[in-house]
Amino acid sequence: MERNQMRRQLALIRQSFFDQGFLDEQFIQLEELQDDANPNFVEEVVTLYYRDSSRLILNIDQALERNPLDFNKLDNYMHQFKGSSTSIGAKKVKAECTQFREYCKAGNSEGCMRTFQQLKKEYAILKRKLEAYFQQARQAGPLETACRSRN
């Protein structure tokens with residue numbers, strides 16, 4: 001596939017993340033921090049997010065196995081997870097985090113369990129989509145010019 005065609009396809013994939021509600025404007029802000037000096041900045045930040053958040057998911061999983069549930073501890077873990085998700089613009093994941101925290105405040109263990117399953121699903125979908133996107137971006141190569149002018 002020719003480079004310009006690859007770039008067009010990449011732009012369509014990227015736009016679909018926003019159209020389908022997977023990412024929000026925070027992701028765009030991360031992209032604006034990427035430059036020639038650090039051409040893989042966004043991918044590196046997302047990779048760190050997935051590495052660090054997998055530990056939080058494990059902690060939440062373990063806390064959900066305890067009886068009775070410690071809703072304060074669960075809420076604290078989810079607060080961290082929501083902050084990390086917000087930092088990369090993971091819109092659907094962030095929404096599930098918010099719902100989970102509401103269930104914690106209400107002491108609703110069934111709601112927590114159900115929401116956590118949905119959160120893990122959204123998290124995995126986004127991870128697969130972003131991995132494919134970054135792989136294709138590497139194949140397309142660096143952009144010769146910036147997408148946006150900086151004022």
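No hydrogens, no waters, no symmetry mates; every other heavy atom, side chains included, goes into these values. Quick caveat: nothing in here was measured; it's all calculated off a predicted structure.
Every residue meeting the side chain to side chain donor-acceptor pair (under 3.5 Å) condition with Y103, not counting sequence neighbours, appears here in chain and number order: R114. Every residue was checked against the ring-ring contact (aromatic ring centres under 6.0 Å, His included) condition with F22, not counting sequence neighbours, and none meets it. Legend: residues meeting side chain to side chain donor-acceptor pair (under 3.5 Å) with K92, ordered by chain and number and at least two apart, are absent. Listed by chain and number, the residues in a side chain to side chain donor-acceptor pair (under 3.5 Å) with D24 are K94 (sequence neighbours excluded).
The heavy-atom pair separating S85 from C97 by the smallest distance is OG-SG, 4.5 Å. Here the closest heavy-atom approach between residue L69 and residue S109 is recorded as CD1-CB, 3.3 Å. Of all non-hydrogen atoms in L23 and I88, the two that sit nearest each other are CD2-O, 4.1 Å. Listed here is the closest heavy atom pair of F41 and Q34: N-OE1, 3.2 Å. Contact between S87 and S84 at its shortest, heavy atoms only, is OG-O, 2.6 Å.
Between F134 and T47 there is no side-chain heavy-atom pair separated by less than 4.5 Å. Counting heavy atoms from C-beta on, the side chains of N38 and L33 never come closer than 4.5 Å. You'll find the side chain of E131 stays beyond 4.5 Å of the side chain of Q135, heavy atoms only. Counting heavy atoms from C-beta on, the side chains of L74 and M78 never come closer than 4.5 Å. Residues Y49 and V93 meet the side-chain proximity criterion, which asks for heavy atoms closer than 4.5 Å. E43 has its side chain out of reach of V46: every pair of non-hydrogen atoms, C-beta onward, lies at least 4.5 Å apart. At least one side-chain heavy atom of T86 sits less than 4.5 Å from a side-chain heavy atom of K82.
There is a path of hydrophobic side-chain contacts, each under 4.5 Å, that joins I13 to V42. L64 and L58 are members of different hydrophobic clusters when ILVMFWY side chains are connected at heavy-atom separations under 4.5 Å. A continuous path of ILVMFWY side-chain contacts below 4.5 Å connects M113 to L56, so both sit in one hydrophobic cluster.
Separation of atoms SG (C112) and CG (N108) is listed at 6.5 Å; rounding is to 0.5 Å. A distance of 4.0 Å separates CZ in F18 from CD1 in I28, rounded to the nearest 0.5 Å. Taking CD of E102 as the start and CG of D75 as the end, the distance is 9.0 Å to the nearest 0.5 Å. Atom CD1 of I60 sits about 10.0 Å away from atom CZ of R55, to the nearest 0.5 Å. In this structure, CD on Q117 lies 10.0 Å from OG1 on T115, to the nearest 0.5 angstrom. To the nearest 0.5 Å, atom CD of residue E25 and atom CD of residue E31 are 12.5 Å apart.
Applying the ring pair (Phe, Tyr, Trp, His ring centres under 6.0 Å) test to residues at least two apart or on different chains, the pairs with a partner in residues 63-100 are F81-Y123. Legend: side chain to side chain donor-acceptor pair (under 3.5 Å) pairs involving residues 62-74, not counting sequence neighbours: none detected.
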For F116 and I57, run side-chain contact (heavy atoms from CB on, under 4.5 Å): C-alpha distance rounded to whole Å, both residues' side-chain angles, the deciding distance at 0.1 Å, then the answer. CA-CA 9 Å; F116 189 57; I57 286 178; 3.9 Å; yes
side-chain contact (heavy atoms from CB on, under 4.5 Å) for Q80 and N59? Distances and angles first, verdict last. CA-CA 11 Å; Q80 291 175 49; N59 290 342; over 6 Å; no
N40 vs E44, side-chain hydrogen bond (donor to acceptor under 3.5 Å, both in side chains): CA-CA, chis, key distance, verdict: CA-CA 6 Å; N40 300 320; E44 290 168 7; 4.6 Å; no
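Heavy-atom neighbours of K105 NZ from other residues, nucleotides or ligands within 6.0 Å: above the threshold of 12.
Under the 3.5 Å distance criterion, the side-chain polar atoms of E96 are left unmatched by any main-chain donor or acceptor of Q118.
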